[in-house]
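Below: one structure, written as structure tokens.
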Amino acid sequence: MLTWIICLPLLAALLLTLVPRQNTSVIRTIAIGITAADMLLALGLFFAFDAAPALDGYKFVQRVPWIPSLGISYYVGVDGINLGLVVMGAIVAFAAACVSSEIKSHQKEFHILLLVMTGGILGAFASLDLFFFYCFHEFALVPTFIMIGLWGSGEKKNYATFQITIYLTIGALLALAGLILLYLQRPVGERTFDIVRMTRYFAENPIRAADQNLIFALLLFGFGILVSLFPFHTWAPLGYGVAPTATAMLHAGVLKKFGLYGLIRIALPMLPEGAKAWVPVLAWLCLGNILYCGWVAMRQKDLNLLIGNSSVAHVGFAFLGIASLDLIGVTGAVLVMVAHGFLAALSFGLSGYLFHATGTRDMTRLGGLLQQLPFIGTALVMALLAGCGVPGFANFVGELLVMFGAWKGSYSPHPHFYVAAVAWGGLVVAALYALRAIRHLLHGPTTEIAGEAQDATVWRRVPFVLLLASLICLGVFPRLLTDKIKASAEATLKFDSGKRPSPGLSVTAINPARK
Amino acid sequence: MTVGLQHYLVVSAILFCLGLLGVIVRRNVIVMYMSLELMLNAANLALVAFSRFNNNLNGQLLVFFTITVAAAEVAVGLALIVALFRKRQTTHVEDLTSMKL
Amino acid sequence: MQDVFFYIFAALTLLCGVLVVANPFSRNPVTSAMFLVLTIVSMAGLFVLLHAFFLAAVQILVYAGAVMVLFLFVIMLLDLKEEQRRSCSSFSLVTGLAAVGAIGALVAATVWQPAQFAGLQPAAEGATKDLGELLFTRYLLPFEVVSLLLLVAMVGVILLSKKDLK
Amino acid sequence: MLHEKLPWIILLLPLVAAVAITLFTQRDGRFSAQLSIGAVALAFIASVLLFAISLPQLADTARLSYLRVNWLEATGLKITLAWRVDRLSLLMLLIVTGVGGLIHLYSYGYMAEDRSRSRYFAGLSFFTFSMLGIVLADNFVVMFMFWELVGLSSYLLIGHWYAKESAADACKKAFLTNRLGDFGFLLGILLIWGITNHLDFDAVRGWLKLHPSGIGALASLAGFLIFCGAMGKSAQFPLHVWLPDAMEGPTPVSALIHAATMVAAGVYMLCRVFFLFEIPQAWPEWLSFLNGWTALDLVALSGGITALLAALIAVQQDDIKRILAYSTLSQLGYMVMAVGLAGPGAAMYHLTTHAFFKALLFLGAGSVIYALHHEQDIWRMGGLKQKMPATWWTFLLATLALCGVPPFSGFFSKDEILALAAQRHVGYFVLATLVAALTTFYMSRLFFVAFLGKPRSESAGHAHESPKVMTVPLMLLAIPSVFAGFFGINTFLERHFHPGEAISHLSIAEEMFAPFAHAPIAALLGLAAVAFGFSAAYALYANAEKDPLPEKLGLLSRAMRNRFYFDEIYSGLIRITHELLAQLADWFDRWIVAGLMVRGLHGTTELVGRGLRLVQTGNLQTYAFIVAAGVALVLYIFLR
Amino acid sequence: MNASLISLELATAGLGLLVLLADLWLPAENKRGLGYVAAAALALIFVWSLRFDASTAQFAFEQTYVLDSLALFFKRFFLLAAILVMLLSIEFADRIKAGIAEFYSLQIFALVGMMFAASANDFTVLFVSLELITVTFYVLVSFQRSRVRSLEAGVKYLILGALSSAVLVYGIALVFGTSGTMNFGELLAKAGELQKNTVFLLGLLLVIIGLAFKIAAFPMQIWAPDVYEGAPAPITAFLAVGSKAAGFALLLRLLFGALPHDVVAPWAKLLMVMAAVSILYGGLCAIPQRSVKRIIGYSSIGNAGFILLGVVAMNSAGYAAVLYFLMGYLFTILAAFAVIGLVTRQLDSDDISVFAGLNQRSPLLAATMTLAMVSLAGIPPLAGFFGKFLLLKSAIEAGPAYYWLLAVAIAGVAISIWYYFGIIKAIYWSPAPADTTPIAVPLLVKISAAVCIVGMLFLGIYPSPALNWAVEAVKVLK
């Protein structure tokens, strides 16, 4: 089933190569239909998950040896941690296919790339083999570059494409170096890229601390660059700023989560000592993401740049969840990943719609759009509010869990300081830029340029409704996912449990309560 | 000091460097090519000397091949230079820079 | 006596070598070629001193005789004039000299270590028969390859220098 | 088991209405309104039912167990959705659904002309849902969630007329200010959870009972952080600035949110978690300058300052809704002060009565504004007594209640606070009395100017009484405004806060004179303050054509009119903090990270490439030289 | 002596002679068709080579020639490369005014040289076979006599090639002098004592530098861009694939077949420097480049550096990675040149701008070129990715001393993506030129492009068999 989910888009991409380029409607129909089918399959997977039999804690497992001499096999399977990501990816892919109608040139190539990207993303998340895990990601990454370069818009297109390409390549390569090092830690003959077996092996035979530190650093910064960890984040807002909508949705929403997923799936369970050594650094960098990028977002006049920066800020929460070295935090991180996937896709999708409706993303030139575009406006309001952590949306739950986890986490002598700063960033700074955007874009009198915009037709609403519904559904019933995450996280991650920082701050005086 | 192997070697080393210098400082392709012959000869000298002092004729045999190869190379090279000269009326290296950077 | 001859031939070789490369009096290619002939001939002397008689003969016959004649022939054919002193930048000269000097110094310093050749005594006699035997047994394969090489060279020269190809 | 499910029904009814309106009945404003009103009416009935069923079972504060849902679970953290039904929440349920229901009804008339009526009613229903959530919450996190939702819905409602710049700005400000408070609230929750490992109110309370000093040095900080939430929501100094601006929203919204319910949530929350303030107090080292203060002291101080400041500002406002807004602020300050003086019962009591008469006042004001076609300046009103009798009467009753004139409800509740202040701290008592006098003064001013005298503008001259759908709620609200003092609400609450203590039941007549019996000085001084305030107002405004005070007070008046420049100070503060930080971060991002580092690296690489390829001159000689140089380099490295 | 060992070479050489002779009798208009015959014959030889078994090393000519798994692997490799190049040459033939048969036969002779080089077990054979390759390429590079660039490239290749030959011979002389032998097998036995002998080391160094010319690595990398640009497209491809692979075959054979490990180990540093400088030089210089052939030239330098990673790793995984990467490189480069040859011929320019609008003019060519560039850039699922993966893996495996090199390699990959994507960008989104007439793609090019694509995909998607070949082949190395 998983293999079908992965292969369906890839096969469809092959199929599309055979369709003559003039038949754009056929091409679009195939792309949308296939992604819809894929989404339904993924949803089926989601609902069949609980009942399915598990092998080593993974379900829907499929395994085909591929390069036995190197211990590489095609090995897919899901547990609670990647299930949500796979489903989210499939849903976002469908939404992205839906909004691709905005593409006016070379539709055929665009849709092929989109499908390839989808297949790659889903494959990366479903893989339980390190090598495939990495390959699928690369496989999805390249279409991203091409799509941004080819169909992107804006003056800075070339520079942005260049930047995103170089950045992500370097990040991926650093991570690859780390992964290979990890692979080599086992004695010759036993080496395997099988994540499950590696995890088990390294739990029993821990790697030397010095090696752990090195590998963790490589993975942290390699994956970190992929996820726009501060200060390697500048590619993200710019890249998304110029990217075509569907690409931005898929990349910011789904593909970017690959790095975070890698940290959770690989770095944390296999390199516990390295994690302990590096998370204090990571915790500081999170602040860079959440606070600093939040401030940067406050200054943006371009809606896409604002969303891009805020998306950078959001992944900071996932990083903090990872840095917390606490199961609550990690659960939260996974939830943030899924939630932000929907949210980023939604935001970029809406922003893309606005751009095509009004011809500009400059917020100073727009205003009062809520009157003109009630549906899109409302959806955008919801997206922006979800972004600043309003309950009812999945993001809130994730961020809450992250903060709870980080508060108790034993990663640093002053966890409370980070959480306080992060909460400030998430509650106040996020609200500042989100409301500012609403104020400029949607509220206030309607400007001339906004006056001619048309609201979305029913069909154009489908992707947005779907994404919003997913966000709200998970926000209201988080246990749909957290229960699954919880079980898997407990099974794979072992943190020094129970160590909680004492209240720590010494008492100067205790005033008797006046009563 | 009786003349030993190292004497020959030093001569060959100096000759080798002379040839190299020629390649670097002369601007006429033909002269450069002659300098290269000088370098090959230097290597030959070393080979013969080694052959003698190692009591092993393999070195001399390689010289034999080197000379043959050099001859063939010279033939081809000069033909090439002539062909180029016919086209460009020059053998000056500074005129042979239609491809660069 | 042999040592004296060595020094004479060595000095001649080097002197002529210098004159090939950097003749202070003439930059005419013909001069260079002539000095190259001289170098080769004096080197043949060195070969003789090393008891490589056959090679000495080959050196003179093939190199001085055939190769250098080819060179001279081409130079004459092309009617090459004296190399013009076009913008000879002293920079390139100095850096070139420095690079070559460095290589020379390094190589010479390495080679000039009598200790490393302490055990070696002059022994081999470059007898034609021995050479021939080796050539047609052990080195038969390279010999054949060289024949192929010569064929290639022939074909190449014809291709490159025919005035008009059919 | 009906009553097991009743809290769920109460809570979800408005939500269902909100969702249904949003999804299905956007086009039909009328139907939306009816849906929304119906939902809240049903919720009210259900609340009454719940009240009736639960009250006999409420043995003191023992909470009835209700259907629980595990909402979120992670290793070591479990968040349960469970609804808490005790006296406190039952009372609030009635207020929220009752007063709220009346306001819904009133809106039906008030918003009849609005073209996005559906959106308005959806917001109203959603707000009711969120507010009920706060009331019923049994858990810090659940409360926080609804807390946020209330903030969100108030944002939507204040910004209902978002096309107006001022409304758009106001809603933004309200949300942001609330967010500041929530920040503290969340940290407080985290702090408490981090130490006690519990989130349910009862569990935390139980833990604290077992380990009274368990929180140790962070006790006061925890209390204060939790109070931050209340500070934002109840608009207490220094986070009070948003409330007056929030008057940009439709008037019923002001009545609902900014008088009866939302702003009361802060006080309610403080009462709910009052046990947090009863543990031994201490500050951590880095806050040692606060030694000597308890968290409650800070609460009381904040409330006191708010009460006084707002009352002073109200004296010099001309906008009818702003006067009421500042009055609300001031009264909220009263309540918070009461909590701070360790009298949650008194605070809740005042909250209850205040909800009635302040809602009434707002609705009355709304009626006036409606009648005058959105004229809000009291100096352009006048003589409305004859034109709008129903409004006039109800407004009068509410004013009297607010001023604390016996036997109106406000008198009793305010008296409790006065008595409490007198008992605790003389300073607060003086302050409270002063505020009482100011309250009477500005309310009388409002009343004289707006309702009496001659019409000062054309629209005031042509005013009509509002339609029935608006006046009926006014009348209905007037009833509790007048009589709420006799219902025994205070004893009802006393049993919540002091379970087990013998509390005598009083008859209505006894109830009426209880204040004089209980704390005669406070009651009498309070009355004196009212009298003083009234007479001063009468002297100044009985026949005034324009405000005489600015001339008399000069600079002070200007400061009052400009709300003591808090807005200016805050916007300045924001400018030098976040704006500056944002600018700095943006600059850094643009020039250092993206510019110097990224572009620099890009540029350097390209430059190096361009430079390096100059080596490739095409000249054989250079090539030979480079080869030689490379060889020399390699030789040097490896033969050295 | 077992002459049957060299039967592959003999057959190939015979084929070369036949083609040369056939020229005499064939009418001019049929000469082009000779290429088909040659390609078919080469294919036959290739098939025949598959029947060879070299699981145990066999020697001939008094140990100067060896046929072992490594040699056989490279022979097949060269044959395959030659077949594909031959196909491209047939297509290219009409641009050569005359000497078509010679064009083919010289390629075959170069192939013979490569095949001998793969089996060299003696410095003499090494030198002679290398010279056969080099001299043949002098002629081939300058084959388009009518073009100044071709001749100029020939002269440059000539001078620098001769320079490298001189260095190589000098190095051989020193090695011979100190070890007293020319034979690799004997050298293996004797070299152990010589690891402190600086003359020996100098000699070895010079030999390595001489081989660096063949593989276009630092410090002998400078010729590559000019020669690649000037040479006819199929010849450039053959240079990039065959000549380079021959260099690597000899380098591997020499370093790990003819020298004991403790003698080679100290050279790691040298090889690392060579690798690092090559990677950076190739990458950085290519960035501002406009000529596609030059870009490939620079990229060839960079790739030489990458392949050196596998050599420098000095473990069998590294050698296997070298072989594997070369296989991928073969298909990739030939795919690229199949396109380049066709596209540049019409405008007689190889500026990157001729690719503008290629996707409209010929989607097949555009796709082929894109795949080739993507593979070169090292992106899955194509051959280049897996090759680079194996190279990086082997270098990491070699230990922490290699980490800095790894960092350079990563930087190099990032830089290379920059210019490879520049080409893709030109194909797809530079403003299309006025002339968008479709390019007619001859069947031959279609076939070779298809073979290359299939090869790239096969190696990338199902690397297991090829990896096994490579692993088997390097078993003879230490």
Side-chain angles (χ1 to χ4, degrees), chain B residues 2-11 13-22 24-28 30-31 33-35 37-38 41 44-45 48-49 51-58 60-61 63-65 67-76 78-83 85 91-92 94, chain C residues 2-3 6 10 13-14 17-18 20-22 29 32-33 36 39-40 43 46-47 50-52 55 58 62-63 66-67 70-71 74-75 77-78 80 83 86 93 96-97 100 103-104 107-108 111-112 114 117 120-124 126 130-131 134-135 139 142 146 149-150 153 156-157 160-161:
Chain B
T2 51
V3 172
L5 176 56
Q6 66 269 25
H7 291 85
Y8 285 98
L9 291 183
V10 168
V11 171
I14 295 173
L15 207 55
F16 187 81
C17 292
L18 273 176
L20 188 58
L21 188 67
I24 294 174
V25 297
R26 296 305 293 262
R27 285 139 193 264
N28 190 322
I30 294 185
V31 180
Y33 210 47
M34 287 196 276
S35 305
E37 294 306 319
L38 215 51
N41 271 300
N44 286 350
L45 180 57
V48 173
S51 195
R52 163 99 175 134
F53 281 81
N54 272 331
N55 191 16
N56 185 330
L57 283 182
N58 292 347
Q60 287 204 16
L61 233 95
V63 175
F64 187 76
F65 286 119
I67 292 175
T68 323
V69 167
E73 240 180 36
V74 166
V76 172
L78 288 177
L80 190 50
I81 291 167
V82 170
F85 186 84
T91 56
H92 202 281
E94 282 171 2
Chain C
Q2 281 207 351
D3 290 2
F6 168 76
T13 310
L14 292 181
V18 170
V20 173
V21 171
S32 290
L36 184 56
T39 316
I40 288 167
M43 198 182 281
L46 287 176
F47 282 8
L50 288 166
H51 294 233
L55 278 182
V58 170
V62 177
Y63 242 122
V67 173
L70 198 58
F71 264 108
V74 167
I75 294 169
L77 177 78
L78 301 184
L80 290 179
E83 214 172 294
R86 282 202 267 186
L93 197 68
L97 270 173
V100 173
I103 294 177
V107 172
V111 170
W112 188 256
F117 308 110
L120 302 177
Q121 283 305 317
D130 297 346
L131 274 175
L134 259 182
L135 187 61
Y139 290 111
V146 163
L149 179 64
L150 289 171
V157 169
L160 286 168
S161 43

Out of [options], which one racks up the most heavy-atom pairs below 4.5 Å with chain B?
options	value
C:Leu14, C:Leu97, C:Ile75, C:Val107	C:Leu14
C:Gly156, C:Ala22, C:Ala33, C:Ala10	C:Ala33
C:Ile40, C:Leu77, C:Leu70	C:Leu70
C:Val146, C:Leu135, C:Leu150, C:Thr39	C:Leu135
C:Leu149, C:Ile103, C:Leu134, C:Thr13	C:Leu134
C:Ala66, C:Ala108, C:Ala153	C:Ala153

Exercise: identify the closest heavy-atom pair between [X] and [Y]:
X	Y	result
B:Ala79	C:Ser161	CB-OG, 4.4 Å
B:Ala70	C:Tyr63	CB-OH, 3.4 Å
C:Gly17	B:Leu18	C-CD1, 3.9 Å

| If you count heavy-atom pairs under 4.5 Å with chain C, which of B:Thr68, B:Leu20, B:Leu45, B:Ile24 comes out on top? | B:Leu45

| note | Ranking B:Val10, B:Val11, B:Leu21 by heavy-atom pairs under 4.5 Å to chain C gives rank one to B:Leu21

| said: Can a donor-acceptor pair be found, under 3.5 Å and without considering hydrogens, that links the side chain of B:Arg52 to the backbone of C:Ala52? | reply: no

| query | Using non-hydrogen atoms only, which part of C:Val18 is less than 4.5 Å away from chain B: side chain, backbone, both, or neither? | reply | both

| said: In terms of relative ring orientation, are B:His7 and C:Phe6 parallel, tilted or perpendicular, with 30° and 60° separating the classes? | reply: perpendicular

| request: Tell me, for B:Glu37 versus chain C, whether the close heavy atoms (under 4.5 Å) come from the side chain, the backbone, both or neither. | output: both

| remark: So, the part of B:Phe65 with a heavy atom under 4.5 Å from chain C: the answer is side chain

| query | Checking side-chain hydrogen bond (donor to acceptor under 3.5 Å, both in side chains) for the pair B:Ser51/B:Asn56: CA distance, chi angles, key distance, verdict? | reply | CA-CA 5 Å; B:Ser51 195; B:Asn56 185 330; 5.5 Å; no

| said: So B:Val82 and C:Leu160, do their side chains get closer than 4.5 Å, heavy atoms only? | reply: no

